[in-house]
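What follows is a single structure, written as structure tokens, with notes after it.
Just follow the structure's listing: the first ligand is 1, and inside any ligand the first atom is 1.
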Amino acid sequence: MLARLRHHRGRAALVVLLGVVGTALVLVLPAVARHFTDVVIGEKRPDLVLPTALVGLAAIAARQTLLALRSLTAQALESRLVHELRVEMFDRLQRQPIRWFDRNRSGEIMSRVSTDVPNVQKLLTEALDVALPAALQFLVVLAAMFWQDWRLALVTIAPLPVIGLVTWRHSKVAEPQWRESGEATAELHALLHDSLSGIRQIKAYTGEPESLDRFADASRETRTKYMRVMRGQSLIWPGVSILAEAGIIAMVAFGSWRVLQGEMDAGILFYFLFAWGFLFEPISKINPLSQTLNRGTASAKRVSEILDRPPESHLTEGKRPTALRGEIRFERVGFSYDPESPAVADISLQAQPGETIALVGPTGAGKSTLLHLIARFYEPDSGRILLDGHPLSDLSKEWLRDHLGYVTQESFLFNATLRDNLLLARPDASDTEIRAALDAANALGFVEELPEGLDTLAGERGTRFSGGERQRLSIARALLRNPPILLLDEATSALDNRTEKLVQQALERLRADRTSFVIAHRLSTIEAADRILVLKDGHLVQSGTHAELIAQDGLYQRLHRGGFSQAPGT
Ligand code: ADP
């Protein structure tokens with residue numbers, strides 16, 4: 001944060017300057033009190049009552065004006081810093097490799113942006129707006145007290161070292177407790193996110209009571225962790241107050257004694273009584289401050305865990321060949337998500353430019369994994385994949401993905417307008433091009449029937465559209481990109497015959513003239529493929545055309561007899 005603050009040196013300096021001047025003005029009030037005692041009363045000068053009071057009032061007004069300006073400037077600075085932090089964090093999140101998203105739950109990640117970033121903001125607010133002025137005020141008043149009477153000043157601050165020690169010890173304990181509390185909150189968020197995503201399943205299986213139990217447990221855990229911190233917080237402040245208030249008694253007693261001895265004017269004692277308030281005002285802020293600081297530090301650590309993570313490697317660096325034919329070769333490729341069980345092993349295959357390769361096999365056979373490896377969501381553990389003879393590992397991932405169309409099974413749509421959903425594939429596409437892509441995907445008809453056309457919002461995850469419509473929209477998205485290589489995970493969801501035909505037609509147009517890898521569930525797709533690869537337990541067990549494979553006594557024949565998957569129309 002300090003490094004970031006450097007970019008806004010001017011504003012930060014202004015905050016400090018306004019703080020210093022505003023704070024220095026606190027000294028006027030004790031001086032006014034002393035003046036009333038020693039001069040106005042002591043020398044019996046009623047004519048000075050009004051002018052002295054006016055000086056006091058002017059000082060109060062000037063001080064509050066300066067402090068208000070400081071607060072405004074500080075707020076503007078902080079909100080800018082937090083905005084920068086949030087955007088940088090989002091950028092860093094997006095650039096993490098898929099593997100990282102496999103390991104971290106979305107709800108937990110969201111909590112870092114939604115809870116931890118505001119905590120860091122509070123840390124900044126308090127640091128700039130409370131701690132800094134408080135420290136300044138403390139030092140200024142202390143110096144003035146020593147200037148007035150160093151003996152009395154020493155007595156006044158006698159409890160301070162003990163207060164310092166107590167709060168320091170306390171913050172050592174509190175910070176890890178805040179961290180645990182933050183983790184529990186993140187856990188709660190993760191659970192909430194998970195439950196909302198799965199709400200249809202929960203309802204369908206009447207899982208509400210169990211779901212509630214899980215949530216209540218997590219919420220209780222959050223409460224326990226929070227209370228553990230708060231217990232310490234509630235005890236520390238009375239402790240500090242006892243020490244501080246004992247100081248004022250000692251000060252008054254010692255001061256009165258010195259006045260009686262004739263060593264000091266009564267005015268100085270009044271000066272000290274006023275100044276004491278200003279000296280201990282900053283200390284009264286230690287409690288809420290230490291709370292925010294401890295919580296903020298814990299959150300800042302969680303935030304930097306993300307900011308300090310190196311982004312996905314090879315995103316922009318790497319070769320960017322000028323032409324692409326679309327020949328893909330796997331050479332003895334092996335990969336596992338976790339070391340114990342390989343997802344695919346010893347896969348060798350070759351796809352000529354423009355060929356359609358159908359991948360078939362039972363679930364868990366490793367079909368999606370092959371697509372993930374081509375898109376470089378993951379890197380092979382052994383062997384290599386070549387594109388037009390270039391090892392994929394030499395290419396820039398960005399370049400590679402720019403040349404890929406990836407149509408996933410769930411046909412995800414963002415909760416944005418249809419136009420924006422399609423523009424993801426090619427941000428500079430015109431409405432005419434979008435319409436052409438929709439037309440080729442057999443989607444133009446239903447889009448044009450919508451009252452708002454391309455401006456229709458898709459709803460969360462595209463729920464506004466039916467499965468068949470979503471499929472065609474995601475095909476249109478891929479067509480718009482017009483990629484030389486296509487990765488297609490055919491949807492298994494059941495469609496009525498007419499929609500099924502429309503989708504099939506759209507897919508044929510999409511596959512034409514591209515090297516396509518299709519996880520195929522429908523006989524029509526499989527039969528149309530140039531080559532079929534049959535996978536089982538991560539191994540390539542058969543390969544050939546439909547006619548060749550159906551003639552062999554093997555897995556393909558059995559899958560064929562079973563109808564490949566439950567999809568109708570096969
Ligand atoms: P298919 O697409 O043929 O159904 P996958 O390629 O999805 O098969 O999965 C192959 C194997 O890898 C399976 O055993 C599956 O459980 C495992 N797997 C898939 N994705 C992950 C992941 N993100 N993390 C861990 N294991 C995974």
Side-chain angles (χ1 to χ4, degrees), residues 93-109 190 193-194 197-198 309 312-313 328 330 332-349 351 356-385 392 397 401 404-412 471 474 485-494 507 516-523 525-526 529 531-543 549 554-560 562-567 570:
L93 278 175
Q94 284 203 112
R95 287 169 190 279
Q96 291 306 311
I98 295 274
R99 229 181 226 293
W100 187 80
F101 289 96
D102 283 345
R103 278 195 293 259
N104 292 278
R105 289 164 307 161
S106 334
E108 210 266 339
I109 300 172
H193 179 262
D194 213 34
S197 320
R309 283 195 63 82
E312 190 170 12
S313 64
I328 292 185
F330 276 58
R332 313 204 58 173
V333 171
F335 171 76
S336 58
Y337 294 96
D338 50 67
E340 285 102 66
S341 54
V344 290
D346 202 21
I347 301 275
S348 296
L349 63 90
T356 295
I357 307 284
L359 303 171
V360 299
T363 30
K367 306 181 291 293
S368 317
T369 305
L370 291 189
L371 301 195
H372 293 158
L373 290 173
I374 297 176
R376 285 188 79 190
F377 288 164
Y378 304 90
E379 304 289 336
D381 300 327
S382 58
R384 56 183 192 160
I385 306 173
L392 282 193
K397 282 183 190 164
R401 291 171 191 167
L404 290 181
Y406 195 173
V407 181
T408 52
Q409 209 181 79
E410 79 237 58
S411 309
F412 190 94
Q471 284 176 30
S474 62
I485 300 164
L486 178 70
L487 308 177
L488 171 63
D489 192 350
E490 200 175 44
T492 47
S493 57
L507 281 177
S516 309
F517 281 82
V518 185
I519 300 180
H521 301 289
R522 299 187 168 101
L523 183 60
T525 319
I526 298 170
R531 203 137 37 90
I532 301 159
L533 304 177
V534 186
L535 288 154
K536 182 171 186 285
D537 298 334
H539 293 274
L540 189 57
V541 291
Q542 280 179 296
S543 95
L549 293 177
L555 178 60
Y556 186 80
Q557 228 183 35
R558 287 199 296 282
L559 288 169
H560 180 251
F564 289 103
S565 73
Q566 315 73 15
T570 52

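- Those atoms of ligand 1 with a heavy atom of D102 less than 4.0 angstrom away are 23 (N).
- Against a heavy-atom cut-off of under 4.0 Å, A365 is close to the following atoms of ligand 1: 1 (P), 3 (O), 8 (O).
- The shortest heavy-atom distance from Y378 to ligand 1 is under 4.0 Å.
- Of all atoms in ligand 1, listed by their number and element, those nearer than 4.0 Å to a heavy atom of T363 are 4 (O).
- Looking at D338 next to ligand 1, no N or O pair under 3.5 Å apart turns up.
- At a heavy-atom distance under 4.0 Å, atoms from both the backbone and the side chain of T369 approach ligand 1.
- Heavy-atom separations between G366 and ligand 1 include at least one value shorter than 4.0 Å.
- Ranking protein heavy atoms by distance to atom 4 (O) of ligand 1, first place goes to G364 N, 2.7 Å.
- Using a 4.0 Å cut-off to heavy atoms of S368, the atoms of ligand 1 that qualify are 1 (P), 2 (O), 6 (O), 7 (O).
- Not one N or O of A343 is nearer than 3.5 Å to an N or O of ligand 1, by distance alone.
- The aromatic rings of H372 and Y337 sit perpendicular to each other, their planes meeting at more than 60°, with 30° as the lower class boundary.
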Practice prompt. Dump the intermediate steps for side-chain contact (heavy atoms from CB on, under 4.5 Å) on Y556 and L533, then the final yes or no.
Written response: CA-CA 9 Å; Y556 186 80; L533 304 177; over 6 Å; no

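- Closest protein heavy atom to atom 27 (C) of ligand 1: Y337 CD1, 3.1 Å.
- Protein non-hydrogen atoms do not reach within 4.0 Å of atom 15 (C) of ligand 1.
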